[in-house]
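A, B, ... follow the sequence lines: proteins, then strands. Residue 1 opens every chain.
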Amino acid sequence: MKLSSWNVNSLKVRLPQVVDWLKLNQPDVLCLQETKLQDAHFPVDEIAEIGYHAIFSGQKTYNGVALLSKVNTDTDYCTALPGLNDPQKRLIAATCNDIRVICIYVPNGERVDSEKYSYKLEWLKALTSFLQEERKRHSKIALLGDFNIAPTSSDVYDPPAWEGKVLCSAPEREAFQQLLATGLVDSFRLFTQPPGTYTWWDYRMMSFRRNHGLRIDHILISAEMAHSCTRCWVDIAPRKLERPSDHAPITAELSL
DNA sequence: ATGGCCAGCATCGCTGGA
């Protein structure tokens, strides 16, 4: 079972890249963030043509998530965090085979002194409560997506420059630990990884060429599944293409 | 030394991302 996640920054622009990437990599599930598409415009047919079923929760201009799957996926999926009256489309959860797959697009947070930052922390708190509930019904959980949090200084190209800034602040990192505390592990850190592995690079300042990146996209899996995780890696190939997303896809392989 | 982009929506500048 291969589970992947990719913030595509507009599925309209990136659809050809997503189709090519799926053909080449053949994950069982691909979670997408920032589709920026209303549901009526979702490219269901193009995705079906290459053997994937799509469920999605989108809106105009901003946000939007989708879950593409080759394996049996329930039709009774979830698209909102309970207890949070939020018009922003940032979550989609479904059971794929017997794994509860939760695709998330965590709010960016703008700046630590902003209202968007408070909303981010609130959203993360609601997500933690949701996970505690999900855990009661599902033993195998995978939480994938754009977390907009670099968990440690090892996940940042220039830790002093990012100290205390949004994506790296202590409350955000604490919120990340709270997610883990619901019984999840960071699949990426189950393995020795090349130093300087990131998932996002700013479009400006030649950041990708200089590998000035952050690791803010993650795949967390139930601690009970850790032993069956055989690999986790970031594929930077799509970031090298013409008109790339600013994020690279991440994949975890499970021997299930 | 500084600052550099990109997508969408609606125009010919803004919002938002991270």
Side-chain angles (χ1 to χ4, degrees), chain A residues 5-19 31-43 56-66 86-91 103-124 127 144-173 175-176 179 188 196-218 234 236 238-250:
Chain A
S5 176
W6 192 4
N7 179 325
V8 289
N9 183 19
S10 166
L11 185 56
K12 186 182 171 188
V13 173
R14 235 65 69 188
L15 182 61
Q17 293 185 21
V18 170
V19 166
C31 296
L32 299 176
Q33 301 85 35
E34 285 204 86
T35 54
K36 300 185 178 179
L37 285 177
Q38 287 172 293
D39 290 349
H41 301 144
F42 198 91
F56 39 83
S57 176
Q59 66 186 94
K60 198 176 176 180
T61 312
Y62 303 119
N63 310 312
V65 286
D86 188 0
Q88 301 191 29
K89 306 301 188 187
R90 297 182 174 277
L91 178 142
C103 167
I104 58 167
Y105 174 46
V106 176
N108 164 277
E110 193 184 18
R111 292 184 322 273
V112 293
D113 59 356
S114 70
E115 269 188 31
K116 287 177 186 167
Y117 182 80
S118 310
Y119 163 62
K120 179 179 194 173
L121 294 181
E122 256 186 63
W123 198 93
L124 286 163
L127 176 64
L144 305 83
D146 178 357
F147 288 60
N148 271 316
I149 301 171
T152 72
S153 58
S154 314
D155 304 310
V156 182
Y157 73 95
D158 184 356
W162 282 84
E163 176 80 40
K165 299 249 171 66
V166 75
L167 314 185
C168 300
S169 72
E172 290 166 272
R173 286 177 169 171
F176 187 83
L179 295 175
F188 183 81
T197 301
Y198 306 120
T199 65
W200 171 83
W201 303 260
D202 199 306
Y203 281 123
R204 298 167 292 184
M205 299 171 279
M206 294 186 293
S207 295
F208 182 67
R209 280 174 55 93
R210 301 195 285 179
N211 198 30
H212 286 185
L214 301 178
R215 192 176 70 94
I216 56 177
D217 300 83
H218 308 293
V234 176
I236 63 168
R239 189 65 176 80
K240 299 175 180 172
L241 299 170
E242 289 292 315
R243 276 193 104 180
S245 167
D246 44 357
H247 294 253
I250 177 171

Chemist: Using the side-chain heavy atoms of A:T61, tell me which of these nucleotides is nearest: B:dA18, B:dC6, B:dG8.
Modeler: B:dG8

Chemist: A:N108 near the nucleic acid: base, sugar-phosphate alone, or nothing, with a heavy-atom cut-off under 4.0 Å?
Modeler: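 Touches a base.
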
Chemist: Under 4.0 Å, counting only non-hydrogen atoms across every strand here, what does A:Y105 touch: a base, just sugar-phosphate, or nothing?
Modeler: sugar-phosphate

Chemist: Would you indicate what A:E110 reaches in the nucleic acid, counting non-hydrogen atoms under 4.0 angstrom: base, sugar-phosphate, or nothing?
Modeler: nothing

Chemist: From C-beta outward on A:Y62, which listed nucleotide comes closest to its side chain: B:dC9, B:dG17, B:dG16?
Modeler: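 Nearest listed nucleotide: B:dG16.
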
Chemist: Supply the atom-to-atom distance A:E34 CD to A:D146 CG, rounded to the nearest 0.5 angstrom.
Modeler: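 Here the rounded value is 7.0 Å.
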
Chemist: With respect to the side chain of A:V13, which nucleotide from B:dG16, B:dG8, B:dC9 is positioned closest?
Modeler: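 Output: B:dG8.
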
Chemist: Looking only at atom C1', what distance separates B:dT2 and B:dG8, rounded to whole Å?
Modeler: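 Taking atom C1' in both B:dT2 and B:dG8, they lie 29 Å apart.
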
Chemist: Measure CE/A:M205 against P/B:dC5 and give the value in whole Å, please.
Modeler: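 Checked: the CE to P distance equals 10 Å.
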
Chemist: Want to settle it: does A:W200 or A:Y203 sit nearer the 5' end of DNA chain B, counting the closest nucleotide to each?
Modeler: A:Y203

Chemist: Determine the contact category for A:R111: base if any of its heavy atoms lies under 4.0 Å from a base atom, sugar-phosphate if only primed atoms, P, OP1 or OP2 are that close, otherwise nothing.
Modeler: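 Result for A:R111 = nothing.
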
Chemist: Please state the C1' separation for the pair B:dT15 and B:dA10 - nearest whole angstrom.
Modeler: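 Going atom to atom, C1' in each nucleotide, I get 12 Å.
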
Chemist: Whole angstrom is fine here: how far is it from CZ in A:R204 over to P in B:dG3?
Modeler: 11 Å

Chemist: With the side chain of A:D246 defined as its heavy atoms from C-beta on, choose the nearest nucleotide among B:dG4, B:dA18, B:dC9.
Modeler: B:dA18

Chemist: Let me know the distance between NZ of A:K12 and P of B:dC6, rounded to the nearest Å.
Modeler: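 After rounding, the reported distance stands at 18 Å.
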
Chemist: Between atom CZ in A:F208 and atom P in B:dA18, what is the gap in whole Å?
Modeler: 17 Å

Chemist: Does the plane of the ring in A:W162 sit parallel, tilted or perpendicular to the ring in A:W200? Use 30° and 60° as the thresholds.
Modeler: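 Aromatic pair A:W162/A:W200 classed perpendicular.
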
Chemist: Taking it one step at a time, do A:Q88 and A:Y62 satisfy side-chain contact (heavy atoms from CB on, under 4.5 Å)?
Modeler: CA-CA 8 Å; A:Q88 301 191 29; A:Y62 303 119; over 6 Å; no

Chemist: Once rounded to the nearest 0.5 Å, what's the spacing between atom CG of A:L214 and atom CH2 of A:W201?
Modeler: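 The distance works out to 10.0 Å.
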
Chemist: Which of the following nucleotides, B:dG4, B:dG17, B:dA18, is nearest to the side chain of A:N148?
Modeler: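 Of B:dG4, B:dG17, B:dA18, B:dA18 is nearest to the side chain of A:N148.
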
Chemist: Please pick, from B:dA10, B:dA18, B:dG17, the nucleotide with the shortest atom-to-atom distance to any side-chain atom of A:D146.
Modeler: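 From the listed options, B:dA18 comes nearest.
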
Chemist: Please classify the nucleic acid contact of A:N7 as base, sugar-phosphate, or nothing, using heavy-atom distances under 4.0 Å.
Modeler: sugar-phosphate

Chemist: OP1 or OP2 of B:dA18 less than 4.0 angstrom from a side-chain nitrogen or oxygen of A:K116, does that happen here?
Modeler: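 Checking A:K116 against B:dA18: no side-chain N or O falls below 4.0 Å of OP1 or OP2.
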
Chemist: Looking only at side-chain atoms of A:K60, point me to the closest of B:dA18, B:dA10, B:dA7.
Modeler: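 Selected nucleotide: B:dA10.
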
Chemist: Taking atom C1' of B:dA18 as reference, at what distance in whole Å does atom CD of A:E34 sit?
Modeler: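 Distance check: A:E34 CD to B:dA18 C1' gives 9 Å.
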
Chemist: Rounding to the closest angstrom, what is the interatomic distance between B:dA1 and B:dT11 at atom C1'?
Modeler: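 Roughly 36 Å separates the two C1' atoms.
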
Chemist: What's A:D217 touching, base or sugar-phosphate or nothing? Going by heavy atoms closer than 4.0 Å.
Modeler: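 The answer is nothing, as A:D217 stays clear of every strand by at least 4.0 Å.
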
Chemist: Heavy atoms from C-beta onward define the side chain here; which of B:dA18, B:dA7, B:dA10 lies closest to that of A:H247?
Modeler: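 Shortest atom-to-atom distance from the side chain points to B:dA18.
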
Chemist: The side chain of A:S10 is closest to which nucleotide in this list: B:dC6, B:dA18, B:dA7?
Modeler: B:dA7

Chemist: Give, for atom NE2 of A:H247 and atom CZ of A:R239, the distance between the pair rounded to the nearest 0.5 Å.
Modeler: 9.0 Å

Chemist: Using atom NE2 of A:H41 as one end and atom C1' of B:dC9 as the other, report the distance to the nearest whole Å.
Modeler: 14 Å

Chemist: Anything under 30° is parallel, anything over 60° is perpendicular, the rest tilted; go ahead and classify A:H218 against A:F147.
Modeler: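 The arrangement is perpendicular - the two ring planes meet at more than 60°.
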
Chemist: Atom CZ of A:R210 and atom CG of A:D158: how far apart are they, to the nearest 0.5 Å?
Modeler: 10.5 Å

Chemist: Let me know the distance between CZ of A:R90 and C1' of B:dG16, rounded to the nearest Å.
Modeler: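 So the two atoms are 11 Å apart, to the nearest Å.
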
Chemist: Taking CG from A:L167 and C1' from B:dA18, how many angstroms apart are they, rounded to a whole number?
Modeler: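 One finds 5 Å between C1' of B:dA18 and CG of A:L167, rounded.
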
Chemist: Could you work out the separation of B:dA18 and B:dC12 based on their P atoms and round it to a whole Å?
Modeler: 27 Å

Chemist: Here's a test of your reading of the structure: between A:P244 and A:V106, which maps to the more 5' nucleotide of DNA chain B?
Modeler: A:P244

